[in-house]
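Each remark here refers to the structure printed beneath this line.
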Amino acid sequence: MTRATTVRAVLAAAVLLVSVFITLTMSPRLGLDLQGGTRMVLQAKDSDTAKADRESTDRTLEVLRQRIDSLGVSEPTLTRSGEDRIIVELPDVQDPRQAADVIGKTAQLSFHAVQGPGTEEKTEEGDAAPQDGPTLPDEQGGLLDLGPVQLSGAGVKDATASFDAQQGTGWSVALDFHKDAGKKWTDLTGDAACNPAQDERRRVAIVLDGKVISSPQVDPSVGCKVGLPSGSTQITGSFSADEARDLALLIKGGALPVPVEIVEQRTVGPTLGAAAIDASAQAALIGAAATALFITFMYRLFGALAALALAAYGVISYAALVVLGVTLTLPGLAGFVLAIGMAVDANVLVFERAREESAEHPNRSLLSALTAGFRNAWSAVADSNVTTLIAAGLLFFLGSGPVKGFGVTLAIGVIASMFSALVIARALTEIAARSRFVSDYRGINGIARPGRVRTWLNARDPQLFRSPRRWLLVSTALVAVAVLGIFVRGVNLGVEFTGGRLVEYSTSRPVDVDTARTTIAAAGFDDAEVTTAGDGDLSVRTGKLDNDGEHALRSALAEEGGETTKVRDELIGPSLGDELRRNALIALGVAVFVQLAYLAVRFRWTFAVASVGALVHDVIVLVGAFAWLGRTVDGIFLAALLTVIGYSVNDSVVVFDRVRELWAKRPRTPVADVANRAVLQTVPRTVNTGMGALFILVALAVLGGDSLADFALALLIGICVGTYSSVMTAVPGALLLERSSKAPPPARKRAPGRRAGNPRAQRDPHDNGARV
């Protein structure tokens, strides 16, 4: 072996061994949509005393962390997002009502002196007008005015719930004060003790969030201006055990610096997550096995070696996800499975270029043809993977929630696939190519003979672009049908983009949609949309619905369906829905602009514009297809759409890279003939790569269940449309643009080791003049 092959083999073995060790010893970090739990996004709001900025949001986060830690939730996660948002993830929490009540309360605790009977303003009808501040009812049903705040909740050092059975007070909350606050407490109770026993002014009002929660009388034994000691006091008020504990938790956690509002809430049952993991694992195994068999059938021994590299890719990318601590979400899991199918693309590019080298230079050795295949394919491999990385980056920076996880997973998959193809697969195939047996028996190695598709195309040599406008008319017709679907059927935007609430329920007894709709409407939810969600589950979509309302809705449904379990719950505030919809449009616009800029730099402007035109074609057709089918367009669809954009540009890059190469060699040849030859040469790669991805996607669509069905369907449609448009839309568009462009043909790249003016150095020693 050469030194380079040895280095690749050692590096591949080292990375693979480390990856296997990580896989066996470390567990992945599962997102809530896979392990079950509740995810909330809290929006900090300005208050009368504080502004919702980065500093106040950080302090709010710390207060929330103390509260959640006291709830006893296993491994909660709290992170700040942007300037004024906090993401809270609570594993295994299926009913978010209690958590939302505790988390969302501002818990502004204050202590007031009672001043005496209040003055009630009368309305025109003679009724008492509501008071601006907190008031306290007296024994005769009147109202008592409270004095200004003399002590805030910030002075409370600790709060604990306790039960006193001996004195019969039941559950109470004991408060311990800090030193300075304890002095204020002594002064407050000392002033109250100056009033006669049983006088209302001898009471101290304890106010939480503007409501009086307790107003204990100062014991008669306490002297005027003496007050209670600064150590502690008790709040009584006929509390239940849960109420006392929640109150102690709120006081102990402290007051939130600013109020918070729940703008997003997602709850996923553990059974749904487990089913998604099993379905994705089955899809990965079946899809990967089908892809491995296909590539082995197409490229014989070298295909089998690429399949081994594909297995190594799966281990390496999984280990990278684990060691980097990437949260594996449901879309991320689908992205991991999808990347398996896309990982064969680099190998297919290399093998097809090696086949071309063997056909053009029959006397060249197998190893030399393979090396030339890797060298010639490098440009297309690099450009195509960069475009996919761009799409992954956009998903991460412009996506939200699980879509970010998909972007990270896709990016890791692209990098791991590059290593798999250019290091592992290359080391294996170069070692095999040195074997005399493999080199002599051309039918075994898989690249020494042209494939059947290439042979068939070369024999017929169809002229595809004699009239490029015809292909553009076909593409225009497809776009027109898609636009018609968008206007006629409308785009079914998901709750994520419109705001509202979507809940899926599983019932112990079957309930048809009409019965469920009637039952839910009778419970007061007339605007609820009820549909089936697969496996007999029911999907309920409403506008504004809080957690108490959801509980009432579920109780009503349980009357017909028996035990009713919440499988999935998504709550999106209207402001967040508008923001997500706007960000989705921005993501698409940025994707188009970035791809245009990159292609304009790497290729000619005509190629870049034509590729982006095909990209826009794919976006419109895919959205139109979902409109005609009535499928939901949500964040998961956005992830699939941006992936299709990367895939479509990937295909266009491969075609235009070949056009650029052939045109540089024959600058006087009409560009239409060059484009025709380039397309015919790249068709085998396009077909074989597309088949590898389709195996995976069909497995996901069939086995992935409802949670992955729309994702797989979007990618299936997108890849088929993208494969067509990268050839039959992008190339004809580029040809028409080239007719009006006066730019010269691309310059021929000088091969390494060649010098200008040295014909002998420029001649390929293996080139015997043979052509296909």
Main-chain N/O of [Y] paired with [X] side-chain donor or acceptor, under 3.5 Å:
{"X": "Thr729", "Y": "Ser726", "value": "no"}
{"X": "Ser648", "Y": "Val644", "value": "no"}
{"X": "Trp471", "Y": "Leu464", "value": "yes"}
{"X": "Ser417", "Y": "Gly413", "value": "yes"}

Could you tell me which non-hydrogen atom of [X] sits nearest to which non-hydrogen atom of [Y], and how far apart they are?
{"X": "Val567", "Y": "Tyr505", "result": "CG2-C, 4.2 Å"}
{"X": "Leu538", "Y": "Ala516", "result": "CD1-CB, 3.7 Å"}
{"X": "Pro468", "Y": "Pro732", "result": "O-CB, 3.5 Å"}
{"X": "Ala625", "Y": "Ile717", "result": "CB-CD1, 4.1 Å"}
{"X": "Ile412", "Y": "Ser317", "result": "CG2-O, 3.9 Å"}
{"X": "Ser379", "Y": "Arg660", "result": "OG-NH2, 3.3 Å"}

Salt bridge [X]-[Y], side-chain N to carboxylate O under 4.0 Å:
{"X": "Glu264", "Y": "Arg85", "result": "no"}
{"X": "Arg685", "Y": "Asp651", "result": "yes"}
{"X": "Arg353", "Y": "Glu661", "result": "yes"}

Quick one: do Tyr299 and Asn688 satisfy side-chain hydrogen bond (donor to acceptor under 3.5 Å, both in side chains)? Show the steps, please. CA-CA 10 Å; Tyr299 300 107; Asn688 293 343; 2.7 Å; yes
Consider only side-chain N and O atoms of Thr669 and Arg677, and report whether a donor and an acceptor are under 3.5 Å apart.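 No.
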CH2 of Trp378: more than 12 outside heavy atoms within 6.0 angstrom?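 It does not: Trp378 CH2 has 12 such atoms or fewer within range.
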Let me see the working for Val386 and Ile390 under side-chain contact (heavy atoms from CB on, under 4.5 Å), right down to the final yes or no. CA-CA 6 Å; Val386 166; Ile390 290 173; 4.2 Å; yes
Kindly indicate whether the side chain of [X], heavy atoms from C-beta on, has any atom under 4.5 Å from the side chain of [Y].
{"X": "Arg501", "Y": "Val540", "value": "no"}
{"X": "Gln681", "Y": "Leu662", "value": "yes"}
{"X": "Leu622", "Y": "Val721", "value": "no"}
{"X": "Val41", "Y": "Arg39", "value": "yes"}
{"X": "Glu738", "Y": "Arg604", "value": "yes"}
{"X": "Phe626", "Y": "Thr632", "value": "no"}
{"X": "Trp663", "Y": "Val671", "value": "yes"}
{"X": "Val654", "Y": "Thr686", "value": "no"}

Looking at [atom1] of [X] and [atom2] of [Y], how far apart are the two atoms once the value is rounded to the nearest 0.5 Å?
{"X": "Ile520", "Y": "Thr515", "atom1": "CD1", "atom2": "OG1", "answer": "11.0 Å"}
{"X": "Glu570", "Y": "Asp634", "atom1": "CD", "atom2": "CG", "answer": "7.5 Å"}
{"X": "Ile696", "Y": "Leu716", "atom1": "CD1", "atom2": "CG", "answer": "11.5 Å"}
{"X": "Arg541", "Y": "Asp527", "atom1": "CZ", "atom2": "CG", "answer": "11.5 Å"}
{"X": "Leu478", "Y": "Ile620", "atom1": "CG", "atom2": "CD1", "answer": "11.0 Å"}
{"X": "Asp526", "Y": "Arg517", "atom1": "CG", "atom2": "CZ", "answer": "12.5 Å"}

Show the numbers, then the answer: is there a side-chain contact (heavy atoms from CB on, under 4.5 Å) between Val659 and Val731? CA-CA 10 Å; Val659 173; Val731 175; 5.8 Å; no
Check the pair Phe465, Met728 against side-chain contact (heavy atoms from CB on, under 4.5 Å), reporting the backbone distance first and the verdict last. CA-CA 9 Å; Phe465 304 112; Met728 300 308 181; 4.3 Å; yes
When the ring planes of Phe656 and Phe607 are compared, do they come out parallel, tilted or perpendicular, using 30° and 60° as the limits?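 Answer is parallel, since the angle falls under 30°.
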Give the C-alpha distance, both sets of side-chain angles, the deciding distance and a yes or no for salt bridge (Lys or Arg N to Asp or Glu O under 4.0 Å) between Arg658 and Glu356. CA-CA 12 Å; Arg658 187 64 61 90; Glu356 293 176 12; 2.7 Å; yes
side-chain contact (heavy atoms from CB on, under 4.5 Å) between Tyr724 and Asp618: does it pass, once the steps are laid out? CA-CA 9 Å; Tyr724 164 83; Asp618 299 340; over 6 Å; no
